[in-house]
Undergrad: 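Dropping a structure here in structure tokens format, bear with me for questions.
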Number of protein chains: 2
Amino acid sequence: MVRTALFSEADFIDAAMVLVAEGGPNAATMQAIARRVGAPTGSIYHRFDSRAAVLGIAWNTAYASFVDALAPLLRQGRPREAALAILPWSRENGHRARFLLLNEPVALFEDSPPPAPQRARLEELENGFDDAFQACVAACGDGTSDEERVARAKFLIFDAPIAILRPHLSRGAPLPPYVERMIADLHAAMPVAAGPAASAQLPPPMNRADR
Amino acid sequence: MVRTALFSEADFIDAAMVLVAEGGPNAATMQAIARRVGAPTGSIYHRFDSRAAVLGIAWNTAYASFVDALAPLLRQGRPREAALAILPWSRENGHRARFLLLNEPVALFEDSPPPAPQRARLEELENGFDDAFQACVAACGDGTSDEERVARAKFLIFDAPIAILRPHLSRGAPLPPYVERMIADLHAAMPVAAGPAASAQLPPPMNRADR
DNA sequence: TGCCAATTAGAATGGACGTTTTAGAACGTG
DNA sequence: CACGTTCTAAAACGTCCATTCTAATTGGCA
């Protein structure tokens, strides 16, 4: 390299994340990203092939950070700790959390899908996360890991905690202390290790649906 | 009226909903909406002020239908039934469900907020829904309706069931039968009417977080 | 029958955005 | 101290889209 770069790749990635987090996917125009970094738009194209690549790398970065925080706990068979780990991760990764947890990929990538390398990397990350869930279910519950059992684990560890955080993330408000209680209570009431033993302690479910 | 209209307002609204449901907010361009209806783009502007108005009305329509399905049950103090009602509503309102439950308003309206009438109507609907929650919490639990109690009820009745449906809505797959079990189990384990009595039956929550 | 408002019809306009291009500045190397 | 490479810098291009405009069509009514 012969001329020292004024801006780093991470600068542009971060700017894109912040813009999406604050204003939705369309707010992250190439010109807005450049403006926020203080660079000309051309400089983005010296580092990235396209806008889709920028957003794809941003997504993969945030997702990798998230998976790093949860997967080890899952593999250790500690689903409750994994669910609770979303909380400090979100507090420490403000923009990333909003970027990752508040956007559906379909909406983020609707204009054009990320190029192949980023797609491959994402699939890698998703498979790793999936494996961690499988391992957790195998370690926590009995061996049978059918679709429903995994869906239940993903809900308890992933979707439900995010649903608890969502209203606050959406308002941009700090996470109140009771979100931790809600997650903990949820896992106390519906353990992932939901052998028949656990549910037998609960009051019997009332009669099924009303239709 | 002197010339019979070939297209109805609802045609355009529905087209917009379907397009957003299938391809994300940006897929609902004025030209795409018109093309799907088989009308010229000019015809949209004879009925609606702007694209923001079309999306705002579409959102309000879907939201009103959703609230109609849940609010009565909430006001009757039947949170479990309200949570389960999301299921048949989603099955009977395929596009609407994807449109409403898979899109954050911030992403949908980022380019320009809906005009005042639609904003006012939405606030009306949201207040009505909020009141229903307040009524339910008052009817189910004890009288005290502090922030945490309402947040808990909203999670159990609204956000959690949606989180259970989300993966399937997102893939465009039909909702499997076990989603009903998951919602029912959740409400059996964590009743909204969570007086101290209910949680006393549960095994004591394990020690709080690990940090 | 001939008029008029409502609607269809489709082209035109202006702006925003992704991407490309061209020119110039910086810095390690020989 | 020039040279080549990497980067900054900013303007330019082409496309897409929301919105507007102009003209043609329809059908009830005087």
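This one's a predicted model, so the numbers in the text were calculated from it and none came from an experiment. Each chain gets a letter, A, B and so on, in the order the sequences are listed, and its residues count up from 1.
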Undergrad: Just wondering, more than 12 heavy atoms not from Asp49(B) lying within 6.0 Å of its CG?
TA: no
Undergrad: Determine, for Arg152(A) against Asp146(A), whether the closest basic-nitrogen to carboxylate-oxygen distance falls under 4.0 angstrom.
TA: no
Undergrad: Which pairs of donor and acceptor atoms, one on a side chain in residues 169-179 of chain B, lie under 3.5 Å apart (sequence neighbours left out)?
TA:
residue	atom	partner	partner atom	Å
Ser170(B)	OG	Glu104(A)	OE1	3.3
Tyr178(B)	OH	Glu147(A)	OE2	3.1
Tyr178(B)	OH	His168(B)	NE2	3.4

Undergrad: Rounded to whole angstrom units, what separation is found between the CZ atom of Arg47(B) and the P atom of dT20(D)?
TA: 16 Å
Undergrad: Taking only distance into account, with no hydrogens and no angle test, what donor-acceptor pairs under 3.5 Å do side-chain atoms of residues 107-119 of chain A form with protein atoms, sequence neighbours excluded?
TA:
residue	atom	partner	partner atom	Å
Glu110(A)	OE1	Asn26(B)	N	3.1
Glu110(A)	OE1	Ala27(B)	N	3.1
Glu110(A)	OE2	Asn26(B)	N	3.0
Asp111(A)	OD1	Asn26(B)	ND2	3.2
Asp111(A)	OD2	Asn26(B)	ND2	3.1
Arg119(A)	NH1	Pro114(A)	O	2.8

Undergrad: Name the atoms and distances for all side-chain donor-acceptor pairs under 3.5 Å in residues 61-75 of chain B, with sequence neighbours left out.
TA:
residue	atom	partner	partner atom	Å
Thr61(B)	OG1	Ile57(B)	O	2.7
Ser65(B)	OG	Trp89(B)	NE1	2.8
Ser65(B)	OG	Arg96(B)	NH1	3.3
Arg75(B)	NH2	Gly128(B)	O	3.1

Undergrad: Expressed in angstrom and rounded to an integer, what is the separation of Arg3(B) atom CZ from dA6(C) atom P?
TA: 13 Å
Undergrad: Whole angstroms only, please: what is the CD-P distance between Glu110(B) and dA16(C)?
TA: 16 Å
Undergrad: Using atom types as modelled, flag every donor-acceptor pair under 3.5 Å from a side chain in residues 11-22 of chain B to any protein atom, sequence neighbours excluded.
TA:
residue	atom	partner	partner atom	Å
Asp11(B)	OD1	Ser8(B)	OG	3.4
Asp11(B)	OD2	Ser8(B)	N	2.9
Asp11(B)	OD2	Ser8(B)	OG	3.3

Undergrad: Mind checking ring-ring contact (aromatic ring centres under 6.0 Å, His included) for Phe99(B) and listing every partner two or more places apart, or none if nothing turns up?
TA: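 For Phe99(B), the residues satisfying ring-ring contact (aromatic ring centres under 6.0 Å, His included) (neighbours in sequence not counted) are Trp59(B).
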Undergrad: Can you sort out the partners of Gln76(A) under side-chain hydrogen bond (donor to acceptor under 3.5 Å, both in side chains), two or more places apart, ordered by chain and number?
TA: Arg78(A)
Undergrad: Each nucleotide N or O in nucleotides 17-23 of chain C that has a protein N or O under 3.5 Å away: list the pair and distance.
TA:
residue	atom	partner	partner atom	Å
dG18(C)	OP1	Arg51(A)	NE	3.1
dG18(C)	OP2	Met30(A)	N	2.8
dG18(C)	N7	Gln31(A)	NE2	3.0
dT19(C)	OP2	Tyr45(A)	OH	2.8
dT19(C)	OP2	Arg51(A)	N	2.9
dT19(C)	O5'	Tyr45(A)	OH	3.3

Undergrad: Using the side-chain hydrogen bond (donor to acceptor under 3.5 Å, both in side chains) criterion, which residues pair with Glu126(A)? Sequence neighbours excluded.
TA: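 Result, side-chain hydrogen bond (donor to acceptor under 3.5 Å, both in side chains) vs Glu126(A): none returned.
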Undergrad: Does a side-chain N or O of Ser43(A) approach OP1 or OP2 of dC7(D) to a distance below 4.0 Å, or not?
TA: no
Undergrad: Whole Å only: how far is the CD1 atom of Ile33(B) from the P atom of dT19(D)?
TA: 10 Å
Undergrad: What residues form a side chain to side chain contact (heavy atoms under 4.5 Å, CB included) with Pro79(B), not counting sequence neighbours?
TA: Cys136(B), Cys140(B), Ile157(B), Val192(B)
Undergrad: Within residues 6-14 of chain A, find the residues that approach DNA chain D with a heavy atom at under 4.0 Å, and present them sorted by residue number.
TA: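 Listed by number, they are Leu6(A), Phe7(A).
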Undergrad: May I ask you to evaluate whether Thr4(B) reaches the phosphate of dT26(D), defined as a side-chain N or O under 4.0 Å from OP1 or OP2?
TA: no
Undergrad: Show me the protein contacts with nucleotides 1-4 of chain C, counting only N or O atoms at under 3.5 Å.
TA:
none

Undergrad: Apply side-chain hydrogen bond (donor to acceptor under 3.5 Å, both in side chains) to Arg121(A) and list each qualifying residue two or more places apart in sequence or on a separate chain.
TA: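 Arg121(A) satisfies side-chain hydrogen bond (donor to acceptor under 3.5 Å, both in side chains) with Glu124(A) once adjacent residues are dropped.
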